[in-house]
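Some notes on the structure that comes next.
Every chain is numbered from 1, with letters handed out A, B, ... down the list of sequences.
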Amino acid sequence: MRMKTRVSAYTLSVALIWSSAAFAQQKAEVLHWWTSAGESASVKVFAEQFTKAGGTWVDNAIAGGANARTAGINRMVGGNPPTMMQFNTGKQFDELVSNALVRDVDAQAKAGKWREIMPKPIVDATVREGKFFAVPVNIHGQNWMFYNTKVFADAGLEPPKTFPELVASGEKLKAKGIIPIALGGQPTWEHNLFRAVVVGHGGADMFRQLYGTRKPDILKNPKFKETVELFGKMRSLVDPGSPGRNWNDATALVITNKAAMHFNGDWAKGEFIAAGQTAGKEYGCTVVGQEPKLVIGGDVFVFPATKDKAALATQDKLVEVLLDPTSQLEFNKKKGSIPVRMDVDVSSMDVCAQKSHAILKDPANQVESMEILSPPNFSGAMQDAVTQYWNNPSMSADAFIEKIVSAMRDAG
Amino acid sequence: MDTISIRAPSMPSGGTKTRRRMKTRLPAALALLPTALIVLVVYIGCMLWTVRLSFTSSTLLPKLDWVGFAQYSRLFANDRFLTSASNIVIFGALFISGCLIIGFLLAVFIDQNVRGEGLFRTIFLYPYAMSFVVTGVAWQWFLNPALGLQKLVRDMGFESFTFDWLVNQRMAIYTIVIAGLWHGSGLTMAILLAGLRGIDKDLWKAAKIDGIPTWRVYTSVVLPLLRPMVVTAVVLLTTGVVKLYDLVVAMTLGGPGIATEVPAKFVMDHLFERNNIALGTAAATIMLTTVIAVLAPWVYVRYVRPQGRHA
């Protein structure tokens with residue numbers, strides 16, 4: 001902690017003294033929120049590659065996405081930005097673009113053929129006014145279902161392929177004293193589960209209409225009500241200790257054979273790996289739904305606008321490092337995501353990553369994440385509605401739909 | 001100085017006196033100037049800025065347009081804000097009265113010259129030394145039905161024992177009150193104990209001679225004498241109520257559902273996570289107005305009226 005403070009104080013003073021003067025050494029201050037063990041190991045890959053390329057990486061990690069973003073945005077507005085800063089793929093940096101606080105990297109994008117080698121949802125989420133304003137570095141699948149292979153084998157059940165199947169086998173597992181679904185009972189994860197049900201049962205178009213176009217017509221669709229009721233049935237498949245639980249504690253329930261299934265993004269793999277388990281052996285991963293649609297998001301780096309030539313050159317170098325095939329592969333192995341470049345060979349990655357890559361090969365299976373489709377304002381209001389519905393078994397599907405209507409109206 | 005001040009009252013107008021007073025007060029005023037500036041610019045300035053922003057349509061970055069009371073009408077149509085508001089009232093009433101009652105009883109208990117008084121005082125005051133985050137996490141584990149008290153009692157053989165307030169929508173806010181009481185009662189005890197120790201021993205002797213029962217002395221004689229201490233405790237506890245945030249975040253994260261949401265969390269979430277500065281500042285303004293509405297009569301009674309009477 002103290003080390004970190006000292007480092008950032010140092011960077012600050014360096015930035016103050018050198019910001020206008022051009023200097024030979026390429027020093028890059030990188031602001032991000034990758035602080036957990038797996039995350040910091042993955043960001044180290046970039047740091048090492050950048051050092052190899054002759055630069056100096058100054059790491060400025062701030063715990064907590066919201067904290068880091070607030071700190072970074074304040075520094076940009078205040079005129080003392082870091083060289084490069086992390087965001088999630090999506091709308092988080094919209095206003096930075098419209099206020100000309102970040103530079104475009106479209107020249108590099110054209111040279112590197114980004115539009116061809118990256119999935120379209122990721123490209124669309126990073127391009128504003130026809131230009132790339134950020135560099136995507138990875139793809140996270142958000143609607144994975146992790147399951148405990150032993151628990152399913154002991155119960156004589158196959159991992160469910162669709163949500164109605166899931167509810168049926170969930171009841172059987174519950175009768176055997178197993179927690180069918182391990183859920184971190186915090187609004188974020190309840191909402192994540194809801195989205196997995198919407199895209200898996202309602203389909204990709206319903207997901208896009210709900211979170212993207214946000215017109216109340218979709219709510220009148222009988223299929224939507226059916227999806228909501230299915231989600232409601234899953235309430236009884238969760239153990240009473242769920243409310244307030246952290247997501248990694250929920251993952252631990254699957255690792256320790258107490259629970260059968262767990263919905264989460266592929267970052268949860270880190271927990272299984274830390275427990276010494278291998279994908280495809282002790283645990284499996286699958287996408288539940290009629291067709292395996294993968295909801296994808298990820299991380300990007302933005303480059304705050306600057307007039308300083310040396311800083312611009314440093315930023316160009318960083319872009320190169322981020323998308324270099326070796327750093328892509330090594331970074332994503334540690335991060336749990338898959339390379340954003342679909343042309344990278346993933347045969348050295350684990351089975352879940354390979355599955356993810358295989359699903360995403362078909363553009364029809366790529367679904368933009370909520371972070372890409374909705375403004376935080378609407379996703380927040382949705383989250384409030386979902387958590388109320390999930391935690392109140394007596395609340396009807398219609399009352400929930402009514403809440404979504406007002407969320408759509410308020411978020412405009 | 002002395003001669004002047006003796007002569008001063010006889011003078012019809014206070015001209016010289018005021019100038020003199022100005023002279024002696026100037027250094028003091030200069031010394032206080034930075035503080036005054038900070039109060040004016042930082043506190044008052046930020047308050048006005050917040051109120052101004054609540055009338056705009058700002059999202060991620062502040063924008064100075066004017067949308068009238070639109071944010072306020074959205075706010076009062078928002079389930080989560082209404083739940084937050086009623087939660088803070090429940091929490092405030094139970095927390096303040098609970099802390100006062102428990103704190104007073106503990107203080108009276110220690111005041112009986114019990115053996116090992118220092119030890120008890122430390123034990124009772126100890127929770128206050130913990131941050132709300134630690135308190136929240138500890139109580140979350142203790143009250144979690146799958147980990148804590150309920151499991152413990154069930155493992156001892158009482159299979160039907162149920163204590164699931166933490167995960168029960170209707171009761172969850174009371175678990176926050178319990179954790180708050182555990183945290184705050186010790187401080188109240190310390191304040192009231194200091195007051196009890198300051199009470200004239202002769203009063204007790206006089207009561208003994210008159211044959212008044214002890215409980216009666218406490219309620220009718222001691223308690224009224226403790227009024228300043230009680231006021232201090234109430235003020236301290238009230239600030240705790242208004243800024244209630246970290247305890248909820250650590251313990252329930254506002255859940256289950258939105259059952260334990262509080263206004264401060266509403267403001268924080270909308271300012272920093274949902275890019276909705278306008279709605280967040282509108283909620284903050286409502287909080288400020290409520291605090292002012294509660295404080296105004298008290299300030300009037302305590303500071304404004306007595307001066308009026310003396311003059």
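For a residue to count as touching a neighbouring chain, one of its non-hydrogen atoms must lie under 4.5 Å from one of that chain's; by this rule B:Asp79 touches chain A with the side chain only. In this structure, no portion of A:Lys91 lies under 4.5 Å from any heavy atom of chain B. Contacts between A:Ala381 and chain B at a heavy-atom distance below 4.5 Å involve the backbone alone (N, CA, C, O). Contact annotation for B:Gln169: only side-chain heavy atoms (C-beta onward) come within less than 4.5 Å of a heavy atom of chain A. Neither the backbone nor the side chain of A:Val386 comes within contact range of chain B, judged by heavy atoms closer than 4.5 Å. With a 4.5 angstrom heavy-atom cutoff, B:Thr59 touches chain A via backbone and side-chain atoms both. For a residue to count as touching a neighbouring chain, one of its non-hydrogen atoms must lie under 4.5 Å from one of that chain's; by this rule A:Asn67 does not touch chain B.
Counted within 6.0 Å of OH on B:Tyr72, heavy atoms from surrounding residues, nucleotides or ligands total more than 12; the atom is thus considered enclosed.
A donor-acceptor pair under 3.5 Å links the side-chain atoms of A:Glu95 to the main chain of B:Leu61, judged by distance alone. Of the possible donor and acceptor atoms, one in the side chain of B:Arg274 sits under 3.5 Å from a partner among the backbone N and O of A:Gly380.
Here B:Phe272 contributes atom CZ and A:Ile73 contributes atom CD1; the two are 10.5 Å apart, rounded to the nearest 0.5 Å. Considering CD of B:Glu273 and CD of A:Gln383, their distance stands at 8.0 Å, rounded to 0.5 Å.
In this structure, A:Asn391 and B:Pro256 approach most closely via the heavy-atom pair OD1-CB, 3.5 Å. What you find for A:Thr387 and B:Gly257 is that their closest heavy atoms are OG1-CA, 3.2 Å.
Residues of residues 133-156 of chain B lying under 4.5 angstrom from chain A, judged on non-hydrogen atoms, are B:Gln140, B:Asn144, B:Pro145, B:Ala146 by number.
Annotation: maximal heavy-atom pairing with chain A below 4.5 Å, among B:Asp269, B:Leu279, B:Asn275, B:Thr252, occurs at B:Asn275.
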